[in-house]
Amino acid sequence: MGPLQIKDLLLQAPESQSVILKGWVRTKRESKNAIFIALNDGSTINNIQAVAQPGQFSPELLLTVTTGSCLKITGKLVESMGSGQAVEVQIDDIHVYGTADPEVYPLQPKKHSLEFLREIAHLRPRTNTFGAILRIRHTLAFAINKYFNDKGFFYLHTPIITASDAEGAGEMFRVTTLDLDKLPRTDEGAINFKEDFFGREANLTVSGQLEGELGAMALSKIYTFGPTFRAENSNTTRHLAEFWMIEPEMAFFELQDNMDLAEDFVKTVISYALEHCKDDLNFLQNRLTEEEKSKPQNERSLPLLEKLSFVVDNPFERLTYTEAIEILLQSKPHKEKKFQYPVGWGIDLSSEHERYLVEKHFKKPVILTNYPREIKSFYMKLDEDGKTVRAMDVLFPGIGEIIGGSQREDNYEKLLERVHEVGIDPETIWWYLETRKFGTAPHSGFGLGFERLVLFVTGMSNIRDVIPFPRYPKSAEF
Ligand code: ATP
Ligand code: MN
C-alpha cells in the first residue's frame, strides 16, 4: 500500500534494484560531476540522497526542483560513494508534483527561530526539529496506550462537552448554540440557558477525572487520553489552552499504589521513546548542545539522552508536603530572602519552590504527598489528622508539576462535607456522589499533561512547540 517509506529504503541492501521515492526536497546541490537531491518524506529524520548526471535533465525541470518542492523520483538503489549514508538513488526519472517558489517559500535551508516557525505552523512539520518532535510525540502516545493495555486498563472515552463545572481545575470555555446577538432572557433578565442546545449551560471539559471515576467503579482500571481545555490566561511556557491529558483511575489503589504506578508509568514510556526514537533524540540532543554552546559550562544542562536515562534509572524522591516545607525553610534562598513568594506551612508551592526541591536539593524527580486540604481539590481523601489530603504531585526538573493525583475520598459523608465546604451545589454532581452510595471502594488516580511529558522528552523549552497547532491566548490561527 503506497510507496515504500524512505526510512525502510535506507535499510535496504543496494543491489541496483528499481525504487520509487516520493517526498519533499530538503536541499539541491549541483557540482561539476553530479546533481544531489536530498529528499525527505517525514518517515525518518534522515534524508535519502538522489543523484543525477549533469545534462540528464533539462535546465527548466531542474529549476523547479527547489527546497520544499515535492517529487516522485524513479531510479536504482546503489551503494553510496559519499560519506554519511550507506545507500543512494541513481535517478532515472523525476516527476514534480508541486513546486515551491524559493522567492516566497519561507522554509529555506538555514536556521529559523522557533518564534518564526510558530507563525508558520502549517509548514513547520517539514523542518527537522518539528519532524523529530512529532514522531516522538506519536511514539509516546503509542507507548502510553500500550502501557495501559499491557497492564489491564481499559481506554474510557470521557465527554469533551460537560455541564458540570465542579472540577474547579481551571477556567472553562463556554459551549453554546445561542445567537449571541439575540440572547434569550428569563423574566429576571438573565440569559435563558433552557433555550440553549443542551437546555443548560455547557462547557469544554477541563478534566475527564470525575467521569473516569465512574468507569473505575465498574471496570476497576481505566484511563482516559483526550483533549482538555482551560481558558486560563496564563502566558507561560508550560500552559496551553488546549492540551491532552492522560488520566488513569483505579479501584482498590491507595496512595502508595498510585505513586508506584505513576513512577513506573513515566519511566516505562520514556524508556520506550529512548529505544524507538534514537535518531530523533540524537538530533534534538545535538541541537540543544549547539544552542547551549554560548552558555558557561556550569549553566549547561545534561545531554538530553543522559537526562532521560537518569530519570529512568533512578528512584524518584518521595516526601510529604510538610517535609518539603521544612527543607524550604532551611534552604539558602529562603534564608537569604531570594524566593519571590513566602514559604510556610499551608502555602501553595510556587514553581520557584518546586524547582528548588527538584533541581537544587534532590536533583531528581520528586513526588510530594499529603498536601493541606485547603489548597487541594474537594475529591481528595482526607488523612486521619483531618488537616492534609492524600494528594501526590510528581515534579520534574525543568518542568515543575508533570503529574497531579490523589487517592479519592470514598466516604459519602466526608465527600459531601467537602462539597459543601468548597461551595459546590451537590445537585450538579449527584451522579458523582452516588458512586459513594452504591458499592463505594477505595480508589485513586492521576492526571499527566501529555505536552509536559513531550516537553521533557524532547528537551524543548516552550510547550507551544511540542503540539502541532498550539492554542493559547490570542492564537488559534491554524
Ligand atoms: P499547574 O499548577 O501547572 O497549572 P494544575 O495544578 O492546574 O497545573 P492539574 O489540574 O492537576 O494541573 O492537571 C493535571 C496535569 O495537567 C498537570 O500536572 C499538568 O501536567 C497538566 N496541565 C495542567 N494545566 C495545563 C495547561 N494549561 N497546559 C498544559 N498542561 C497542563
Ligand atoms: Mn493550572
Side-chain angles (χ1 to χ4, degrees), residues 137 140-141 144 158 162 165-173 203-210 212-213 223-249 258-259 262-263 265-266 269-270 316 321 341 347-355 357-358 365-369 371-372 374-380 389-408 422 444-458 460-473 475-476:
R137 186 180 162 104
L140 285 169
I144 287 164
T158 49
T162 57
D165 64 352
E167 232 277 340
E171 294 296 307
M172 299 193 147
F173 287 101
N203 304 290
L204 292 177
T205 183
V206 293
S207 158
Q209 182 202 317
L210 300 191
E213 286 186 48
Y223 71 105
T224 72
F225 187 172
T228 43
F229 308 86
R230 296 192 186 176
E232 45 197 10
N233 199 0
S234 46
N235 273 295
T236 78
T237 54
R238 294 172 303 111
H239 289 89
L240 289 164
E242 176 180 302
F243 66 100
W244 289 68
M245 184 136 71
I246 297 108
E247 294 178 281
E249 195 67 41
N258 204 18
M259 284 194 275
E263 181 167 343
F265 166 62
V266 279
V269 299
I270 291 174
F316 295 0
Y321 167 93
Y341 297 96
I347 61 153
D348 204 351
L349 296 178
S350 59
S351 99
E352 57 176 350
H353 305 137
E354 295 178 347
R355 296 189 70 152
L357 291 169
V358 175
V366 169
I367 311 183
L368 288 188
T369 60
Y371 284 72
E374 285 78 15
I375 59 172
K376 286 292 183 186
S377 304
F378 74 95
Y379 49 71
M380 298 187 177
V389 288
R390 284 189 206 166
M392 58 165 221
D393 277 7
V394 181
L395 312 178
F396 260 41
I399 306 278
E401 180 188 331
I402 193 164
I403 287 178
S406 71
Q407 184 170 343
R408 317 306 188 191
V422 300
S444 301
F446 61 81
L448 167 79
F450 185 48
E451 284 73 19
R452 297 223 179 142
L453 177 70
V454 184
L455 200 55
F456 183 74
V457 173
T458 58
M460 297 299 289
S461 43
N462 193 323
I463 199 163
R464 297 171 185 180
D465 296 330
V466 298
I467 185 165
F469 306 105
R471 297 286 178 262
Y472 50 93
S475 177

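In each ligand, atom 1 is the first atom listed, and ligand 1 is the first ligand listed. Since we're looking at a predicted model, the values are computed, not measured.
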List the steps and the verdict of side chain to side chain donor-acceptor pair (under 3.5 Å) for Y379 and Q209. CA-CA 10 Å; Y379 49 71; Q209 182 202 317; 3.1 Å; yes
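- Contact record, L357 with V366: O-CG2, 4.4 Å, taken as the closest heavy-atom pair.
- With a 4.0 Å heavy-atom cut-off, ligand 1 is reached by the backbone of H239 and by its side chain too.
- For ligand 1, the atoms lying closer than 4.0 Å to a non-hydrogen atom of I403 are 18 (O).
- Remark: ligand 1 and I402 share an N or O pair separated by less than 3.5 Å (distance only, no angle test).
- The environment of Y341 atom OH is sparse: at most 12 non-hydrogen atoms of other residues, nucleotides or ligands sit within 6.0 angstrom.
- Partner of V358 under the side-chain contact (heavy atoms from CB on, under 4.5 Å) criterion, out of V394, L368, L395: L395 alone.
- Remark: distances from the non-hydrogen atoms of R230 to ligand 1 include one below 4.0 Å.
- Side chain of E249 to backbone of G212: no donor-acceptor contact under 3.5 angstrom is found.
- Ring pair F243/Y472: centre-to-centre distance not below 6.0 Å.
- Per-residue contacts place G404 under 4.0 angstrom from the following atoms of ligand 1 (heavy atoms of the residue considered): 18 (O).
- Annotation: G449 places an N or O atom under 3.5 Å from an N or O atom of ligand 1; distance criterion only.
- The minimum heavy-atom distance between P473 and E232, with the atom names listed, is CG-O, 4.4 Å.
- At under 3.5 Å, not a single nitrogen or oxygen of F243, backbone or side chain, sits near a nitrogen or oxygen of ligand 1.
- Between F450 and F225, the ring-plane angle classifies as perpendicular under the 30° and 60° cut-offs.
- Contact analysis leaves I399 out of contact with ligand 1, as no non-hydrogen atom separation drops below 4.0 angstrom.
- Contact annotation for E232 and ligand 1: only side-chain heavy atoms (C-beta onward) come within less than 4.0 Å of the ligand.
- For ligand 1, the atoms closer than 4.0 angstrom to any heavy atom of I463 are 29 (C).
- With a 4.0 Å cut-off on non-hydrogen atoms, D393 does not touch ligand 1 at all.
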